[in-house]
Amino acid sequence: MHLEGNIRGGQVKDLVTKFFYRDNFLCFHILLQLEGGKTVFFQEFTDYSAYKKAFSELQEARGKDALIEVPKNNFKNISPALKVA
């Protein structure tokens, strides 16, 4: 599911990371599993440090019920062949 806008940290049931290779480069997707069963794509990363920083910030926001801003246009760079189980 694609969503732009803001989500309260308390709405996030779980944070999921999807690891995959694209052209021999390791990539990371952060997905937000929300209460009610919806999954929201948050962002794609090719740099582990940037991924880890964003993941840590999301964990903190989730714990504090802070506002999480879902980046705009965060879905256009995803390969259409990728599926989330």
- Item | Test item: Val12 and Gln33 side chains (from C-beta on) under 4.5 Å apart, heavy atoms | no

- Rounded distance (nearest 0.5 Å) linking atom CG of Leu31 with atom OG1 of Thr17: 8.0 Å

- Message: Would you say that Ile68 contacts Leu58 through its side chain, given a criterion of any heavy-atom pair below 4.5 Å between the two side chains?
- Response: yes

- Item | same_hphob_cluster(Leu15, Tyr48) at 4.5 Å side-chain heavy-atom cutoff | yes

- Query: side chain to side chain donor-acceptor pair (under 3.5 Å) between Thr46 and Tyr51: does it pass, once the steps are laid out?
  - Reply: CA-CA 8 Å; Thr46 55; Tyr51 150 76; over 6 Å; no

- Can you name the ring pair (Phe, Tyr, Trp, His ring centres under 6.0 Å) partners of Phe19, sequence neighbours left out? Phe28

- Item | Test salt bridge (charged side-chain N to carboxylate O under 4.0 Å, His left out) applied to Glu60 - qualifying residues, sequence neighbours left out | Lys64

- Message: With heavy-atom distances below 4.5 Å as the criterion, would you say the side chains of Glu44 and Arg22 are in contact?
- Response: yes

- Task: Please check if the distance between the ring centroids of Phe42 and His29 is under 6.0 Å.
- Result: no

- Distance from Arg62 atom CZ to Leu32 atom CG, nearest 0.5 Å? 10.0 Å

- Task: Mind listing the closest non-hydrogen atom pair of Phe41 and Gln43 along with its distance?
- Result: CZ-C, 3.3 Å

- Query: Is the closest side-chain heavy-atom distance between Leu34 and Thr39 below 4.5 Å?
  - Reply: no

- Around Gln59, counting heavy atoms of other residues, nucleotides and ligands shown, do more than 12 lie under 6.0 Å from its CD? yes

- Query: Hey, does the side chain of Asp23 reach the backbone of Phe25 with a donor-acceptor pair shorter than 3.5 angstrom?
  - Reply: no

- Between NZ of Lys52 and CD1 of Ile30, what distance do you get to the nearest 0.5 Å? 9.5 Å

- Rounding to 0.5 Å, atoms CD (Glu35) and CD1 (Ile7) come to a distance of 12.0 Å

- Query: Once you round to the nearest 0.5 Å, how far does CZ of Phe45 lie from CG of Leu26?
  - Reply: 13.0 Å

